[in-house]
Amino acid sequence: MTITAEAESDTSAAGFEARARAWLEANVERAGAVRRTRGEELVAYERALQAKIFDAGFAALTQPEEYGGQGLGEPERQAWERAAADFAVPRMTYSVSHGMCGPIINLLGTEEQKAKYLPRLWRGDDLWCQLFSEPSAGSDVAGLRTKAEKVDGGWRITGSKVWTTSAQYCERGVIVARTDWDVPKHQGLTMFLIDMKAEGVQVNPLRVATGEKPFNLIFFDNVFVPEEDRLSELGKGWDAAVAMLRFERISIGTGSTRSEGPYAFDNVLAAAKKLGRTDEPGVRAALAELYVLEQGTSLLSLRMRAEAAAGIALNARGSIAKLAGAQANRRTAELVSEILGTALVSWSGFTPEGDGLYPGITAMFAGSASSWTAGGTMEVQKGIIGERVLGLEKDPQVDRGIPFTQIRQGA
Amino acid sequence: MTITAEAESDTSAAGFEARARAWLEANVERAGAVRRTRGEELVAYERALQAKIFDAGFAALTQPEEYGGQGLGEPERQAWERAAADFAVPRMTYSVSHGMCGPIINLLGTEEQKAKYLPRLWRGDDLWCQLFSEPSAGSDVAGLRTKAEKVDGGWRITGSKVWTTSAQYCERGVIVARTDWDVPKHQGLTMFLIDMKAEGVQVNPLRVATGEKPFNLIFFDNVFVPEEDRLSELGKGWDAAVAMLRFERISIGTGSTRSEGPYAFDNVLAAAKKLGRTDEPGVRAALAELYVLEQGTSLLSLRMRAEAAAGIALNARGSIAKLAGAQANRRTAELVSEILGTALVSWSGFTPEGDGLYPGITAMFAGSASSWTAGGTMEVQKGIIGERVLGLEKDPQVDRGIPFTQIRQGA
Amino acid sequence: MALTLTEEQLDFKSAVDDVLDSAGDTKRVREVQEAGAPFDDKLWKALVELGVPGILVSEDHDGLGLGLSEASIVLQALGAHISPTPYRGLAIATAVIAKSGDGALADEVLPKIADGSLLVVPAFAEGNGGWIPAAPSVTVSGGAVSGTKSFVLDGVAAQAFLVLATEGGTQGLYYVEAGDGVEVTKLDTLDRSTSAASVAFANAPARKVATADFGELLAYADAVASTVIAANLYGGFAKTLEIAVQYAKDRFQFGRPIGSFQGVKFPLAELAMEDELALSILRQATTAADEDPEDFVVAGLTALSKLQGIALEGAIRLVQTLGGIGFTWDHDAHLYQKQAATVRLVLGTPAERSERLAQALGI
Amino acid sequence: MALTLTEEQLDFKSAVDDVLDSAGDTKRVREVQEAGAPFDDKLWKALVELGVPGILVSEDHDGLGLGLSEASIVLQALGAHISPTPYRGLAIATAVIAKSGDGALADEVLPKIADGSLLVVPAFAEGNGGWIPAAPSVTVSGGAVSGTKSFVLDGVAAQAFLVLATEGGTQGLYYVEAGDGVEVTKLDTLDRSTSAASVAFANAPARKVATADFGELLAYADAVASTVIAANLYGGFAKTLEIAVQYAKDRFQFGRPIGSFQGVKFPLAELAMEDELALSILRQATTAADEDPEDFVVAGLTALSKLQGIALEGAIRLVQTLGGIGFTWDHDAHLYQKQAATVRLVLGTPAERSERLAQALGI
């Protein structure tokens, strides 16, 4: 299935960028040209497009050729990013597949695993999900309780996973399960590749406060995983999970100093003007504060990008960007209350899907809690910042070195 | 030295109150009639007055007669409180002597100790201080490092104590020192009665951010304490200290819903008016918030008093009052900044002692940090509230059960 | 000052709690909400049987002859249970009619209010400002009222409205019955246990509420409404704290209950402090209403400002303490969050209320 | 946009830090303060030798020809060391004169500013409001200025003032030299490293600063002043965080460093976040000043609003982290607290600055 990029005379990154741009012009819509609803429709569109990009030789640029990659370097990858910035190339759908699952298979997989899974993964034929979080183990990921029992020729997996985005569309997943209950919690975990369409996998969309269902709760009931789909060494699942999470690039902004979306200053200001409230001192003060908040998070993203470009490692400071985003969102809930008043919490004659300005703000307001915990609770981020940015000592870890079965747990 | 109250016909509490009021009218100034500076002058005045009250039979009302008390009951004590409320009777000077040191000697002392110390203590001839806190052990009082070594006929005490109010005026103190370093930290402490005028005691006033010196740092250099002045059993000093702290009544307000002092709403409002700033929206909002803050702490005090009067135990909820006071003070620093602007931080033509309204606010502002830690840091209060009011589990205690010498300590 | 409850009040509280507890848990609340009904009729009927609508009606008018302290007990319980009833709007209107001194109106409507057969609510707000417009655009002329009121709390099923209007340049309160010339449009609300409507009047018959000092009556109305909303917010706040504390005890992570982490414990301790402060201020307001009318205006406004300051924080902290499940549909946390977010705004934003308090304080 | 420092800027930063480090620790600062001197003359001389007064002066006028980015480096270092120098006032005045377009004035004063022989500061504030009065009561008539300016930053030893005044109903800036008709009264300040004076003018000779668009120049002055103060506040803020973090590592209680307690760790983590946010906003302001004048007014005002929001919190958190020793005279914490409390107010309260930002944003 491997496709080689056309041999052309100009092999420089600039030449590559020009070819990429030309191909994109001919084959892909401009970014923002069409507004697509989320969900199934988007996934189908992006799947088809990803296959096209792959077949044209513009996907998996820095990956080895034997597993479907192009074997090119960082300059070409950046050239593609520049060219693709203006086009509606797939972004969200493959962020986990390509950003985390591909790299970890590449790092830890056997030759057979790589050959079997990676080409389909890069082409987008298979969509992958990450299966770490559990209802009983939220911030304490290593405390997970999904079990994998050794059986003839493989493993049987039983348990539940949660907060899995788009799991209903996924063909495959990377799962961490407990294979040894008599060792300390980090030492009894193993990572597997799992078939999401196998018998015993049940994907349940999870309804959230806005009424939407962006996440899934997944039950695994005695799901068979063949031995050849074990990815990590036995008991090395935690190290594998940590390595996989490291691939997760911190989202550090869009490059604009003005945010978009319902909570954006421009949007809230427009709503305040529409309501005729911009003369009120409390509203003016709240708007000014909202502007300062937005500038802070936007400029921090820009600065971190600039530093990354200058070769300064981001490391745990990514948690600062996450915390800042969550706290700005939390504070904005109060500010939009002050700015919109009862218009924030009541409406008539239009719906959240309508063309009004503030219904979007209201929906954001109702659903904002989910953004505070994306990628870890604020408490987790503060711990990382305190310990890994400031160098403060860790909390005493009472479950350290104790067999998992002897760790205290709730009712 | 024991004086008995005059035998009069009316032995009821009401009769007692009438007699007390008559005596006070004749012998003591009205409250607020004279403004006294703090320090030595005040101590001298209150000492003289306390002796007079004692000699008239109105001190130590509920204490046993054999140690200088009047052997009366709670009704008489309350009757005295009511009568004395309008008069300039000693309050601050003896709060530690009479509120904590007397009661603990009463509870733990030998007959000899009680006979020797209590009459002079109740009469105010001896002023006592409490010597628990140390520079190296702040919130962690049981981690104290002042040592008491056994010698012929008694003990030699070496170490330092801090935050001791009015120590320079005290004749005696109650001190906790470490007598055993090889047992867990709470088990190696012993409580002693110490002569503050003994050789080796050095009292150093401690200058704080306002430039004033309200506290002392005290060095003990090989100070001899005779065996008969050991108050607690060996190794039971922690229990004794806890018992002594329980005597410390939470200050739960004055009974007024309007606070007094520089940060009081009325005072800050007057300053804002004087500056002509009450038309500014930011100032108006800050003043309203200050009012709400003040009402909260004042009414909480009133409510706790009402509950106490109704027989509802205060227990650890006293920490809520402390935390509320500290947080209100902390927030007020921001509010007075908003209300007074540069007038808060600059002045000309008057001094902090002058008749202007805001110099007092400025001094309060500069010195407010000390009120956040009075009776324990805010962190200590939050821990008490979380654990003893809400019933949440304690932090893991890594120094529990470990010999004191093996507990980790800083550089 | 009665900052603690009396025996009688504690008994009354138990009775109210019993009714609400037996009305079912939040599953029932959800059903009512999903059905789009403004109120839980079954629950409201039980509360009527308990005499709740008559709390603020004197015994002369067949009411219970109690005060805001008792009304506050009900309002707190409603907030704790997120119960959809029309009691907030009704309590405000009842207190204002009783206070007005308009004996004829009182004789006519208070007995019906007391027996649960008449729902009257205030219709003060206009447009998007606070609930008392400086210059009402709704006008009365020739005994008829015209214009539109916005965000009329509990207005959906009301049989009558207390309308703040202008007549010949002078403000007044008017009693207007639902019917011809009164068009009620239900609003959608984020908190579906808070019902509101916009009400358009077109030459609807309006009866002026006779009162000796209109300014005083309006200030009283503001204080009553503030106290009612503050009590309702406090009920929700205290309950969110209770749920969060319980979860912090039950949920284990890293081998210990999450409440043992200071990062979870300290914010809850701060809320416990806010709870005590808020309750003290609220009790002061209800007691002043019943015993010390001079102080009531400032006390009521103070109570609302305090609760506006902490209600949303309390609900958000619950969500934060819960982590992921805090924003799932099945957990009640989002119901409390939506209730707090909505109810704290019904009389105006915190800044608007703060300015009103400043005025009441003579600043 | 240069949100990271260039090599040259990093070198310059090292040079400035060296001068300040060798000027001695806060003991020296305390000596200067105790002596009642407005500035640390020895330190200022060393900074003059480094060319600091000439940072904002073009090379044509014998300056270094650098920009606010470099001035910000100095101002941050001064805040971190609580160093009493006249650089805040001087930097503002220098930038305004350079921007005005008044060539004759620039030719006359900028070279003297650059070589450290002339101290010019702005005199804008009057009474107790923000630093730019809506209608200045100080007036110019017949080439002479009269009236009183309050809280003139670094005005104690100034040889000249840039005075905001009204002449015939029109506002303008005037260059006024110290001397006859100019009476300078030193103010006492809570932060004794911030020097301020009230300045009374009585028919003092005033030279109008020629400029094409006064409104634009005044907006520029406000943005420069905001950026200067923000940079100074940021320096102090970052330093207080550093001291607090170090103490949290060194101080043991209950057998472990206090920084291992989430109750101490989490607030410090939040301040580390604020530090990164503030630095990003500040860099945007200084860069805009030097490269993107269109955005500078809003960017400068934004920077000050951000720093006003966190500076006092940072200092208070330091005190709180330190516990008891945090409010002793011998520890530097109270010096930082007083500096933060004072400097954040010199251009007006947070609410006043917030309103100014709202205006600049066209709200």
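What's counted below: heavy atoms across the whole structure, side chains too, no hydrogens, waters or symmetry copies. In what follows, every chain begins at residue 1, and chains take the letters A, B, ... in the order their sequences are listed. Values in this document were obtained by computation on a predicted structure and should not be read as measured data.
- The number of heavy-atom neighbours closer than 6.0 Å to CZ of B/R82, taken from other residues, nucleotides and ligands shown, is above 12.
- With a 4.5 angstrom heavy-atom cutoff, B/L323 touches chain C via backbone and side-chain atoms both.
- For C/S280 against B/L300, the heavy-atom pair with the smallest separation is OG-CA, 3.4 Å.
- The heavy-atom pair separating C/G259 from B/L392 by the smallest distance is O-CB, 3.6 Å.
- Other residues, nucleotides and ligands contribute over 12 non-hydrogen atoms within 6.0 Å of the CD atom of B/E74.
- We find the OG1-CG distance between C/T302 and B/L293 to be 11.5 Å, quoted to the nearest 0.5 Å.
- Chain C forms more heavy-atom pairs under 4.5 Å with one residue of B/E393, B/E387, B/K394 than with any other, namely B/E393.
- Here the side chains of B/Y291 and C/I363 are not in contact, with every heavy-atom distance at 4.5 Å or above.
- Counting heavy atoms of neighbouring residues, nucleotides and ligands inside a 6.0 Å radius, atom CZ of B/R408 exceeds 12 of them.
- There is no contact between B/V389 and chain C, counting heavy-atom distances below 4.5 Å.
- Put simply, the side chain of B/K382 does not reach to within 4.5 Å of the side chain of C/K265, judged on heavy atoms.
- From B/I320, atom CD1 reaches atom CG of C/D275 across 8.0 Å, with rounding to the nearest 0.5 Å.
- Looking at C/Q359, both its backbone and its side chain come within 4.5 Å of chain B, counting heavy atoms on both sides.
- Taking every heavy atom of both residues into account, C/S305 and B/V292 meet most closely at CB-CG2, 3.9 Å.
- Considering all non-hydrogen atoms of both residues, B/K273 and C/G362 come closest at NZ-O, 4.4 Å.
- At a 4.5 Å heavy-atom cutoff, the contact between B/Q327 and chain C is made by side-chain atoms alone.
- Side-chain contact between B/I385 and C/F266: absent, with no pair of heavy atoms (C-beta onward) separated by less than 4.5 Å.
- Among residues 278-288 of chain B, the residues having any heavy atom closer than 4.5 Å to a heavy atom of chain C are, in sequence order, B/T278, B/R284, B/A285, B/L287, B/A288.
- Side chains of B/P396 and C/R256 form a contact here, defined as non-hydrogen atoms less than 4.5 Å apart.
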Derivation and outcome, side chain to side chain contact (heavy atoms under 4.5 Å, CB included), residues C/L279 and B/R303: CA-CA 9 Å; C/L279 182 59; B/R303 202 176 113 244; 3.6 Å; yes
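- Between B/A306 and C/T4 the shortest heavy-atom distance is CB-CG2, 4.1 Å.
- The candidate from C/K249, C/E270, C/E276 with the greatest count of non-hydrogen atom pairs under 4.5 Å with chain B is C/E276.
- Most heavy-atom pairs under 4.5 Å with chain B: of the set C/E242, C/Q262, C/M273, this distinction falls to C/M273.
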